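These notes concern the structure reproduced below.
The sequence lines fix the lettering, A, B, ..., with proteins before strands; numbering per chain opens at 1. Given the structure is predicted, the values throughout are model-derived calculations rather than measurements. Basis for what follows: all heavy atoms, side chains included, without hydrogens, waters or symmetry-related copies.
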2 protein chains.
Amino acid sequence: MKYSIGEVAERMGTNTSTLRYYDKQGLLPFVDRNAAGRREFKDNDFNFLEVINCLKKSGVPVKDIGKFINLCLQGDETLRERYDYLDQEERVLEEKVTEMQKQLDFLRFKKWYYKTSVEAGTEDIHFTKGTKFVDPETHQQYRYELKNTKDIHQLINLAVDEI
Amino acid sequence: MKYSIGEVAERMGTNTSTLRYYDKQGLLPFVDRNAAGRREFKDNDFNFLEVINCLKKSGVPVKDIGKFINLCLQGDETLRERYDYLDQEERVLEEKVTEMQKQLDFLRFKKWYYKTSVEAGTEDIHFTKGTKFVDPETHQQYRYELKNTKDIHQLINLAVDEI
DNA sequence: ATACGACTTGAAGTAAGGTTTAAGTCAAAC
DNA sequence: GTTTGACTTAAACCTTACTTCAAGTCGTAT
């Protein structure tokens with residue numbers, strides 16, 4: 001089967017301008033053209049497009065994706081190089097996920113901070129030394145004082161220390 | 001204690017230009033100025049800076065961070081709004097992490113694809129119907145045929161089916 | 001007193017990743 | 001046969017998030 005740029009755009013959840021932009025940036029060297037100069041995508045091209053999609057969503061710059069695609073077109077000699085690239089990219093992504101989890105931790109601490117503030121009617125409870133209050137959900141009592149948030153994990157532990 | 005923009009930049013792992021840019025974009029309305037017009041950060045300002053840092057790393061646009069900071073300066077009336085915002089942002093981040101995990105799945109499948117290809121000396125094994133081969137690490141035998149990668153999770157399961 | 005480093009501003013420049021526009025081609029429908 | 005919709009290109013434009021530049025101020029050390 002052959003597919004026009006419009007069909008491919010719809011299937012990939014993008015638009016034709018973006019695909020043309022990718023083509024111009026060297027991400028689609030595998031795409032054929034018909035007699036009229038129009039792009040004709042093949043079934044196999046979707047394998048490439050999925051790789052592009054994955055790397056894009058993983059935060060890989062367009063230029064670097066192009067390099068990988070071109071490695072793919074160079075045949076079996078670049079198999080190891082391609083493996084090594086993906087291996088490295090896997091570690092980069094894992095690191096990003098770890099970083100996101102840290103921000104989630106912080107976000108959850110701040111949610112707790114605001115939940116208890118809303119409950120108390122004021123943010124001041126977190127700045128008043130030794131204020132006791134009760135978590136409205138768990139009904140646990142806490143004593144807590146906000147200093148500098150140098151280590152948020154430490155603060156979270158501090159925050160959940162029951163009296 | 002008071003801190004100059006340079007000291008703050010170093011402590012936050014950024015540079016003075018970026019902090020001035022943030023200030024211009026309305027992210028630092030809490031910063032005082034001395035008689036000479038120079039920025040004077042207070043200890044408490046680091047609480048704001050940490051929030052900015054977190055939201056920035058979470059992928060929140062600069063403008064939106066500014067909105068949140070200004071909400072913070074409006075006092076206890078906006079506590080619930082601030083909670084709701086962070087609650088929503090938490091879900092957005094969780095969704096991002098889930099998305100990243102999907103890309104990690106795909107990346108790992110492709111690593112397996114290349115690992116077995118390197119072992120076989122050619123990528124062709126994945127296009128030859130019913131080719132049997134052995135995972136060099138686990139010594140398990142596989143039979144596997146690459147069609148369209150419509151559902152990568154299904155393919156991964158297919159790939160690890162022992163004969 | 002003057003040199004130095006750190007600060008101030010507005011404005012221009014940069015890079016990434018598209019998006020839009022203008023001018024034109026092509027194939028099928030009416 | 002001409003209109004319509006999808007395609008083609010190059011080039012201009014846009015947004016985000018800085019980064020750099022130019023010109024000037026301030027406080028301290030020599």
Which nucleotide in the set [options] lies at the smallest distance from any side-chain heavy atom of [X]?
| X | options | result |
| --- | --- | --- |
| A:Pro61 | C:dA6, C:dG17, D:dA10 | C:dG17 |
| A:Ser17 | C:dT20, D:dA17, D:dC7 | C:dT20 |
| B:Asn15 | D:dG27, C:dT8, D:dT19 | D:dT19 |
| B:Tyr22 | C:dG18, C:dT9, D:dC18 | D:dC18 |
| A:Lys63 | C:dT8, C:dA16, C:dG18 | C:dA16 |
| B:Thr18 | D:dT8, D:dT19, C:dG17 | D:dT19 |
| A:Lys24 | D:dT8, D:dA10, C:dT9 | D:dA10 |

Between atom [atom1] in [X] and atom [atom2] in [N], what is the gap in whole Å?
| X | N | atom1 | atom2 | value |
| --- | --- | --- | --- | --- |
| A:Lys57 | C:dG18 | NZ | P | 13 Å |
| A:Arg20 | C:dT25 | CZ | C1' | 13 Å |
| B:Ile5 | D:dC26 | CD1 | P | 17 Å |
| A:Arg39 | C:dA27 | CZ | P | 17 Å |
| B:Asn53 | D:dC18 | CG | P | 11 Å |
| A:Ile65 | C:dA16 | CD1 | C1' | 12 Å |
| A:Asn34 | D:dA6 | CG | C1' | 12 Å |
| A:Met12 | C:dG18 | CE | P | 13 Å |

(message) Tell me whether the count of non-hydrogen atoms from other residues, nucleotides or ligands lying under 6.0 Å of CD in B:Gln25 goes above 12.
(response)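 Check passes, neighbour count above 12.
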(message) Are there over 12 heavy-atom neighbours, none belonging to A:Lys2, within less than 6.0 Å of that residue's NZ?
(response)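 No - once you tally the heavy atoms of other residues, nucleotides and ligands closer than 6.0 Å, there are 12 at most.
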(request) Please confirm whether B:Lys24 makes a cation-pi placement over B:Tyr21, using NZ or CZ under 6.0 Å from the six-membered ring centre and within 45° of the ring normal. (result)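 The answer is no, since B:Lys24 fails at least one limit relative to B:Tyr21.
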(message) Just N and O in the side chain of A:Arg33: are any of them under 4.0 Å from OP1 or OP2 of C:dC26?
(response)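 For C:dC26, neither OP1 nor OP2 has a side-chain N or O of A:Arg33 closer than 4.0 Å.
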(request) Kindly give the heavy-atom pair with the smallest separation between A:Leu71 and A:Arg82, and that separation in Å. (result)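 Between these two residues, the closest heavy atoms are O-NE, 3.7 Å.
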(message) If you assign each of B:Ala36 and B:Val60 to its closest nucleotide in DNA chain D, which residue comes earlier from the 5' end?
(response)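 Upstream on the strand: B:Val60.
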(request) Could you pick out which residue, A:Tyr21 or A:Arg38, lies toward the 5' side of DNA chain C when each is mapped onto its nearest nucleotide? (result)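 With A:Tyr21 and A:Arg38 compared, the 5'-side residue is A:Tyr21.
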(request) Spell out, yes or no, whether B:Tyr3 and B:Leu19 are grouped together once hydrophobic residues are joined by side-chain heavy atoms under 4.5 Å, including indirect joins. (result)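 B:Tyr3 clusters together with B:Leu19.
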